[in-house]
Amino acid sequence: MRLTKLGHACVRLTEDDRTLVIDPGGLSGDADPYAGARAVLITHEHFDHFDADGLRRAMAADPALEAWTSRVVAENLADLGGRVHQVGHEDALTIAGFDVHVYGEDHEIMHPDLPPIPNVGFLVDGEVFHPGDALTVPGEPVPTLCLPGNAPWMRAVDLYEYARAVRPERAFAIHDGLLNDVGLSVMERVLTGAGDELGREFRRLAPGTTVDLARP
């Protein structure tokens, strides 16, 4: 399997001739995140994870393209009918030839007086977990974690604690598009420190970078 980071929080996963894309939002960069994709997974409705207009254009261009997502996003896309599928915590599905397990229910708290919005994370082929905007710990091992590196709802200590809880074999930072160069260097030091503590490979991928996830 190959993982490509696109922009801020979007990743593409490719295995042989199969490709799916997770969270192609408004900060996914200049590359077309949907190119060659058979399926789209969306964790929640925030603009940096979900671009409704972009998804509608992609689905109009490819009548075979379908999406799997949280309740609110599925309701937003109700006009697309059966091509959009609502998923929830502990669902297990086969999507575009990938085994996908769904974990998580809520976005991390953004405001103390408001209820959290729905957020679902996706574990693909028992290899890659994308949590969206949540620090969800799946109920099974996670070889490769897409680790949020920065967010308004996140502190450096949250990154350490989440890494300790999941204990992935490797982690690649996502959700770093709000940082300038100084912020990125700070995040990378925290990320490296968390990886060193666990004796694992933790690093940031620059947008457009592809890594091969073949097991050692």
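As the structure is a prediction and not an experimental result, all values here were calculated from the model. Sequence positions, counted from 1, serve as the residue numbers for this chain.
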*Are L191 and L205 connected in the hydrophobic side-chain network, where two residues link if heavy atoms are under 4.5 Å apart?*
no
*Does some side-chain heavy atom of R203 sit less than 4.5 Å from a side-chain heavy atom of E201?*
yes
*Please examine the side chains of W68 and D91, heavy atoms only from C-beta on, and report whether any two atoms are closer than 4.5 Å.*
no
*Kindly say whether M59 contributes a backbone atom to a donor-acceptor pair with the side chain of R83 at under 3.5 angstrom?*
yes
*Heavy-atom check, side chain of D23 versus side chain of F50, under 4.5 Å*: no
*Using links of under 4.5 Å between side-chain heavy atoms of ILVMFWY residues, direct or through other members, which residues join V72 in one cluster?*
none
*asked:* Counting neighbours of CG on D212 that are heavy atoms of other residues, nucleotides or ligands and sit closer than 6.0 Å, is the number greater than 12?
replied: yes
*asked:* D133 vs T43, test: side chain to side chain contact (heavy atoms under 4.5 Å, CB included). Steps then yes/no.
replied: CA-CA 8 Å; D133 279 5; T43 62; over 6 Å; no
_With heavy-atom distances below 4.5 Å as the criterion, would you say the side chains of W153 and L135 are in contact?_
yes
*Is K5 salt-bridged to D176, going by a charged N under 4.0 Å from an acidic O?*
yes
_Any E90 side-chain heavy atom under 4.5 Å of V102 side chain_ = no
_One pair to check against side chain to side chain contact (heavy atoms under 4.5 Å, CB included): F122 and L13. What are the steps and the verdict?_
CA-CA 12 Å; F122 298 100; L13 299 176; over 6 Å; no
_Between R38 and D62, does any side-chain N to carboxylate O distance fall below 4.0 Å?_
no
*Has the side chain of H130 got a donor or acceptor atom that lies under 3.5 Å from a matching backbone atom of A9?*
yes
*With a 4.5 Å heavy-atom cut-off, do H85 and T69 have their side chains touching?*
no
*Tell me, with the steps shown, if L184 and R204 meet side chain to side chain contact (heavy atoms under 4.5 Å, CB included).*
CA-CA 9 Å; L184 286 172; R204 174 179 180 257; 3.5 Å; yes
*Any pair with a residue in residues 2-45 that passes ring-ring contact (aromatic ring centres under 6.0 Å, His included), sequence neighbours left out, goes on the list, sorted by first then second residue, please.*
H8-H175, H44-H46, H44-H49, H44-H107
*asked:* I want to check something: taking the side chain as every heavy atom from C-beta on, are C10 and T4 in contact at a cut-off of under 4.5 Å?
replied: no
_Exam field: side chain E15 to backbone M1, donor-acceptor pair closer than 3.5 Å_ = yes
*Does L123 reach the side chain of D99, with side-chain heavy atoms less than 4.5 Å apart?*
no
*Looking only at non-hydrogen atoms, find the nearest pair between L3 and C146 and report the distance.*
CD1-SG, 4.1 Å
_Under 3.5 Å donor-acceptor, S28 side chain and G25 backbone_ = yes
*Any chance CG of D79 has more than 12 other-residue heavy atoms, nucleotides or ligands included, within less than 6.0 Å?*
yes
*asked:* Under a 4.0 Å threshold between the charged nitrogen and the carboxylate oxygen, would R164 count as salt-bridged to E197?
replied: yes
*Of the non-hydrogen atoms in G149 and M154, which two are nearest, and what is the gap between them?*
C-SD, 4.4 Å
*Between T144, T136, V166, which is the residue that forms a side chain to side chain contact (heavy atoms under 4.5 Å, CB included) with F129?*
T136
*asked:* Check this for me: does any side-chain nitrogen of one of R170 and E127 sit under 4.0 Å from a carboxylate oxygen of the other?
replied: yes
